[in-house]
Amino acid sequence: GGPVLCKMVKYGQTLGPYLSAYILMATALDRYQAICHPLAYCSWTSRRSRIMVWTAWIFALGFCVPQVIVFSYQEIGPGVFDCWATFIKPWGERTYVTWYCVSVFIVPFSVLATTYCSICREIWLHAGRSPQQQGGNCSPLISRAKMNTVKQMVAVLFLYVACSAPFISAQLWATWDDLAHTRPFFS
């Protein structure tokens with residue numbers, strides 16, 4: 001496909017993981033604000049929500065830029081061209097893979113876990129209170145809705161880890177273990 005397609009494809013390959021992780025973070029922060037700080041959330045406008053989504057897009061688009069720098073269209077054999085990564089020896093590949101893993105998995109996971117644990121804590125603290133103790137009118141419907149929110153949060157967190165951790169772990173292992181390529185599991 002040539003050098004332009006090489007860079008476009010490599011850029012796009014990381015856009016999906018980055019964007020989904022950062023949109024999940026924006027959603028988690030929005031839920032945190034709505035449940036843990038409901039009075040402040042009343043002033044939370046749709047404009048702020050849009051800003052959070054745009055911020056997620058900007059971070060995702062920005063974090064994909066190193067792909068364009070690292071990958072290039074190269075001759076890998078006589079007359080054979082392919083899109084390959086070139087790293088500064090000896091630390092370039094480890095730095096790049098570690099940065100990717102931290103920015104696409106560790107940071108989003110930390111934000112998701114922190115916000116969702118805070119939300120669950122808030123819900124459990126107020127689940128047994130009467131409407132008068134909570135300082136407002138709460139119906140059982142809201143309570144059920146909050147319980148469904150907790151179930152959804154646990155599912156999101158579990159599925160995020162289940163879907164992302166195998167790839168991230170394999171990347172870190174293959175990069176940091178000098179003998180990884182000699183192991184049967186590697187091939």
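Basis for what follows: all heavy atoms, side chains included, without hydrogens, waters or symmetry-related copies.
- W176 and W99 fall within a single hydrophobic cluster, where Ile, Leu, Val, Met, Phe, Trp and Tyr side chains are chained together by heavy-atom contacts under 4.5 Å.
- When atom types are taken as modelled, the side chain of H37 and the backbone of A34 share no donor-acceptor pair closer than 3.5 angstrom.
- The two residues S49 and D30 make their nearest non-hydrogen contact at OG-OD1, 3.7 Å.
- Closest approach of V97 and Q171 over heavy atoms only: CG1-O, 3.8 Å.
- Applying the side chain to side chain donor-acceptor pair (under 3.5 Å) test to pairs two or more places apart or on separate chains, those with a residue in residues 78-93 are Q74-T86.
- Note on ring orientation: taking the six-membered ring where Trp is involved, the planes of F59 and F63 are tilted (angle from 30° to 60°).
- Two residues are said to be in side-chain contact when any heavy atoms from C-beta on lie closer than 4.5 Å; V104 and T14 fail this criterion.
- Smallest separation of non-hydrogen atoms from P166 and V161: CD-O, 3.9 Å.
- Heavy-atom contacts from other residues, nucleotides or ligands closer than 6.0 Å to CZ of R94 number more than 12.
- A single hydrophobic cluster is seen to contain both F109 and V107, as judged by linkage of ILVMFWY side chains at heavy-atom distances under 4.5 Å, directly or through other members.
- In this structure, T175 and T98 have side chains that are not in contact, with every pair of non-hydrogen atoms separated by 4.5 Å or more.
- Within 6.0 Å of atom OH in Y11, more than 12 heavy atoms from other residues, nucleotides or ligands are found, so the atom counts as buried in its surroundings.
- Taking the side-chain hydrogen bond (donor to acceptor under 3.5 Å, both in side chains) definition, one finds that K10 meets it with Q13, sequence neighbours left out.
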Begin with the C-alpha distance, continue with both residues' side-chain angles, and end with the deciding distance and a verdict on side chain to side chain contact (heavy atoms under 4.5 Å, CB included) for M153 and L157.
CA-CA 6 Å; M153 288 183 292; L157 200 55; over 6 Å; no
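- Side-chain atoms of Y22 and T55 form no donor-acceptor pair, as typed in the model, at a separation below 3.5 Å.
- For the atom pair L15 CG and W57 CH2, the distance stands at 5.5 Å (nearest 0.5 Å).
- Taking hydrophobic clusters as Ile, Leu, Val, Met, Phe, Trp and Tyr residues chained together by side-chain heavy-atom distances below 4.5 Å, M25 shares a cluster with V102.
- Note on V68 and L19: same hydrophobic cluster, where clusters join Ile, Leu, Val, Met, Phe, Trp and Tyr whose side-chain heavy atoms are under 4.5 Å apart, directly or indirectly.
- To the nearest 0.5 angstrom, D177 atom CG is 11.5 Å from L172 atom CG.
- Within the structure, side chain to side chain donor-acceptor pair (under 3.5 Å) contacts touching residues 158-170 (residues at least two apart or in different chains) do not occur.
- Rounding to the nearest 0.5 Å gives a distance of 14.5 Å between OH of Y32 and CG of L112.
- In this structure, CE in M8 is found 12.0 Å from SG in C83, a value given to the nearest 0.5 Å.
- With rounding to the nearest 0.5 angstrom, the OH atom of Y100 is 12.0 Å from the CD1 atom of I106.
- Taken from CD1 in I123 to CD1 in I35, the straight-line distance is 4.5 Å, to the nearest 0.5 Å.
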Given the rule in the side chain to side chain contact (heavy atoms under 4.5 Å, CB included) test, do Q152 and R31 qualify, once you have shown the distances and angles that lead to the verdict? CA-CA 11 Å; Q152 288 175 3; R31 287 181 180 174; 3.7 Å; yes
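- Here the side chain of S20 pairs a donor or acceptor atom with the backbone of P17 at under 3.5 angstrom.
- The two residues I23 and A56 make their nearest non-hydrogen contact at CD1-CB, 3.8 Å.
- Both F105 and F167 sit in one connected hydrophobic cluster of ILVMFWY residues. Membership requires side-chain heavy atoms under 4.5 Å apart, directly or through other members.
- S72 and C6 make their closest contact through C-SG, 3.7 Å (heavy atoms, listed as atom of the first residue, atom of the second, distance).
- No more than 12 heavy atoms of other residues, nucleotides or ligands lie within 6.0 Å of CH2 in W54, so this atom counts as exposed by the packing criterion.
- Closest approach of S103 to P108, counting heavy atoms only: O-CD, 3.5 Å.
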